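Just so you know, residue 1 is the first one in the sequence shown, and it goes up from there. What you see is a predicted model, and the numbers here were worked out from it, not measured in a lab.
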Amino acid sequence: MKQVNPIKTRFLMLLGSTVLLISAALLISSKKMTKENASKLDLTVETIATGLTMPWATAFLPNGDMLVTERVGKLRLIKDGKLDPIEITGLPKILYRGQGGLLDVVLHPDYAKNGWIYLSYSSPKADGEEGPDNGSNTALMRAKLKGHALTDVQVVFKALPNVRSSPHYGGRIVFDNKGYLFLSLGERGEKDNAQQLSKDQGKIVRLHEDGKIPTDNPFVNTPGAKPEIWSYGHRNPQGMVMNTSTGVLWEHEHGPQGGDELNIVEKGKNYGWPLITFGIDYDNSIISKDTARVGLEQPVLYWKPSIAPCGMDFITSDKYKGWKGDLLVGSLKFNYLQHLVVKGNKVLSREIILEKIGRVRDIRQGPDGYIYVVLEDSGKIVRVIPKS
């Protein structure tokens, strides 16, 4: 029989106890850190405007007015806390069907000088375009506002091909700090096309402000690829925002049943849909057995069950104590916001806030430093105020 060394045995026991103590200490420290970082603020919600029909996004004009898109195909103004009864004219033809309609609205970073307003929408077939007559896809336009009319209207980009089905338009618009414009595009319910570089479906595209293609885009010299593509393998990105303190582009997208994702978007990267996913299809069938593959990006985090994320923004003001630099994400499915504690490119913790607020379509930090939330079901815009 092999002899047991009592000194060695005692050493191993002491070593094991030390490891357990260190692990316990780290666990306690981790829990303490999470609790402190995700401490809830006492918040109240103040209604700013009512009477909207399926509002989708909002933008703040320098004079204090707010532009609001209604997915039914109308652009509205909020003046002095009231919905202006006069609609803004001059919009191009918009196909309001399924998940399509008038979507995002963003001001040019130098709006005070050039007056450009950017809008995304579902665009039906135009003369000379390929695809079914009754198909559509996401388009991007810019225009200037004069009174209650859009002038100098320019369609600067149209995703192709047109698709007959009506889900997954994406549609978020983001400017970076270098003058480039990013537009998120859903895969229009045709999941395999998210992997096809010859189609705009399931992509994030990068453009100059006038719609021209930057020469340093990743697939400019790839035969058969759309030169506007910046990243691919996306499903339905309905939240996108630039972290201005780091210059990093964040995006979230709807998964099927489970598998909503929060991603950091990088040049030329493949985000995996539908080759990898944390969700299953709506009929409970398996889309992919894999949640990871070599060469495909992993999300910063994923939601399971799905929350149906829509809209998000980083908090850069000092209005919310301890939350500066954190991220707010809206939920269409569960009618709440999530507060994500962010450090660098990682999410340290998350918490649910403002439960039962309504179906969140958009979240924007206003010029006054407060968070504004667009609620689809009630047709309201509300402002989130800390009580203390």
Side-chain angles (χ1 to χ4, degrees), residues 92 95 99-100 103-104 106 118-133 135-142 154-176 178-240 242 249 251 253-254 261 263-276 295-297:
L95 182 66
Q99 295 177 11
L103 305 174
D104 208 1
V106 169
Y118 290 76
L119 295 145
S120 63
Y121 61 101
S122 54
S123 170
K125 181 182 178 182
D127 292 341
E129 287 185 6
E130 298 176 358
D133 288 344
S136 67
N137 218 324
T138 310
L140 176 71
M141 61 159 285
R142 68 176 182 175
Q154 303 173 8
V155 177
V156 298
F157 175 79
K158 168 72 182 286
L160 291 173
N162 284 309
V163 177
R164 287 180 182 270
S165 62
S166 56
H168 304 177
Y169 286 88
R172 288 296 176 188
I173 308 165
V174 169
F175 280 92
D176 69 4
K178 298 178 182 178
Y180 296 105
L181 182 153
F182 295 85
L183 175 67
S184 72
L185 303 172
E187 36 78 299
R188 304 301 322 289
E190 299 180 346
K191 56 181 179 287
D192 292 336
N193 285 335
Q195 291 295 319
Q196 303 302 315
L197 294 177
S198 60
K199 301 177 187 294
D200 287 314
Q201 293 155 270
K203 311 300 191 298
I204 304 241
V205 299
R206 176 179 179 250
L207 308 166
H208 287 295
E209 62 182 48
D210 59 359
K212 292 179 181 176
I213 309 298
T215 56
D216 61 343
N217 271 6
F219 303 106
V220 165
N221 297 315
T222 302
K226 293 275 191 177
E228 60 266 22
I229 295 173
W230 184 252
S231 64
Y232 63 110
H234 300 284
R235 187 171 182 268
N236 187 23
Q238 288 198 326
M240 192 164 64
M242 184 69 62
L249 183 64
E251 166 264 354
E253 59 191 73
H254 291 237
E261 294 183 1
N263 293 299
I264 287 174
V265 179
E266 295 181 292
K267 180 179 181 177
K269 296 292 180 69
N270 183 350
Y271 290 82
W273 176 255
L275 303 177
I276 57 173
L296 304 181
E297 299 304 303

Audit row: His168, Gln99, side-chain contact (heavy atoms from CB on, under 4.5 Å) steps and yes/no: CA-CA 7 Å; His168 304 177; Gln99 295 177 11; 3.6 Å; yes
Could you walk me through whether Leu181 and Glu209 pass the side-chain contact (heavy atoms from CB on, under 4.5 Å) check? CA-CA 6 Å; Leu181 182 153; Glu209 62 182 48; 5.6 Å; no
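- When every heavy atom of Pro92 is checked against every heavy atom of Met141, the shortest pair comes out as CD-SD, 3.3 Å.
- Looking only at side-chain heavy atoms (C-beta outward), Glu266 and Ser231 stay at 4.5 Å or farther from each other.
- Taking 4.5 Å as the limit, every side-chain heavy atom of Lys212 sits out of range of all side-chain heavy atoms of Leu207.
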Apply side-chain contact (heavy atoms from CB on, under 4.5 Å) to the pair Gln201 and Leu185, showing each step before the final yes or no. CA-CA 6 Å; Gln201 293 155 270; Leu185 303 172; over 6 Å; no
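- Side chains of Val174 and Leu249 form a contact here, defined as non-hydrogen atoms less than 4.5 Å apart.
- Proximity of Asn137 to Ser123: side-chain heavy atoms (C-beta onward) are nowhere separated by under 4.5 Å.
- The aromatic rings of Trp230 and Phe182 stand perpendicular to each other, their planes meeting at an angle above 60°, with 30° marking the opposite boundary.
- Counting heavy-atom neighbours within 6.0 Å of Asn221 CG, excluding the residue itself, gives a total of 12 or less.
- Judged by distance alone, the side chain of Ser136 and the main-chain N or O of Ser122 form no donor-acceptor pair under 3.5 Å.
- With contacts defined as side-chain heavy-atom distances shorter than 4.5 Å, the pair Asn270/Gln195 qualifies.
- Proximity of a side-chain donor or acceptor of Lys269 to a complementary backbone N or O of Gly295 within less than 3.5 Å is not detected.
- With values rounded to the nearest 0.5 angstrom, Ser120 atom OG is found 7.0 Å from Leu140 atom CG.
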Apply the test side-chain contact (heavy atoms from CB on, under 4.5 Å) to residues Tyr169 and Val163: give CA-CA distance (whole Å), side-chain angles for both, the deciding distance (0.1 Å), then the verdict. CA-CA 10 Å; Tyr169 286 88; Val163 177; over 6 Å; no
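- Between the OH atom of Tyr121 and the CG atom of Leu95 there is a distance of 11.5 Å, given to the nearest 0.5 Å.
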Go through the steps for Gln154 and Asp210 under the test side chain to side chain donor-acceptor pair (under 3.5 Å), then give the verdict. CA-CA 9 Å; Gln154 303 173 8; Asp210 59 359; over 6 Å; no
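- Nearest approach of Ser198 to Lys226, heavy atoms of both residues: O-CE, 3.4 Å.
- Of the inter-residue distances, the one linking Tyr271 atom OH with Glu297 atom CD reads 5.0 Å to the nearest 0.5 angstrom.
- The one candidate from Glu187, Glu261, His234 that meets the side chain to side chain donor-acceptor pair (under 3.5 Å) condition with Trp273 is Glu187.
- Using a 4.0 Å cut-off between charged nitrogen and carboxylate oxygen, Asp200 and Arg188 do not count as a salt-bridge pair.
- The nearest pair of heavy atoms linking Pro218 to Gly268 is CG-N, 3.6 Å.
- In this structure, NZ on Lys191 lies 14.0 Å from CG on Asn236, to the nearest 0.5 angstrom.
- Tyr232 contributes atom OH, which lies 14.0 Å from atom CG of Asn193 (distance to the nearest 0.5 angstrom).
- Applying the ring pair (Phe, Tyr, Trp, His ring centres under 6.0 Å) test to Phe157 and every residue at least two apart in sequence or in another chain returns nothing.
- Atom CG of Leu197 is separated from atom CD1 of Ile229 by 5.0 Å, given to the nearest 0.5 angstrom.
- Asp104 approaches Gly171 most closely through the heavy-atom pair CB-O, 3.2 Å.
- In Lys267, the NZ atom is crowded: over 12 heavy atoms of neighbouring residues, nucleotides or ligands sit closer than 6.0 Å.
- When side chains are defined from C-beta on, Leu160 does not count as touching Lys199, because their heavy atoms never get closer than 4.5 Å.
- Listed here is the closest heavy atom pair of Gly239 and Arg172: N-CG, 3.8 Å.
- Between the side chain of Asn263 and the main chain of Val265, no donor-acceptor pair closer than 3.5 Å is present.
- The nearest pair of heavy atoms linking Arg206 to Pro214 is O-CD, 3.3 Å.
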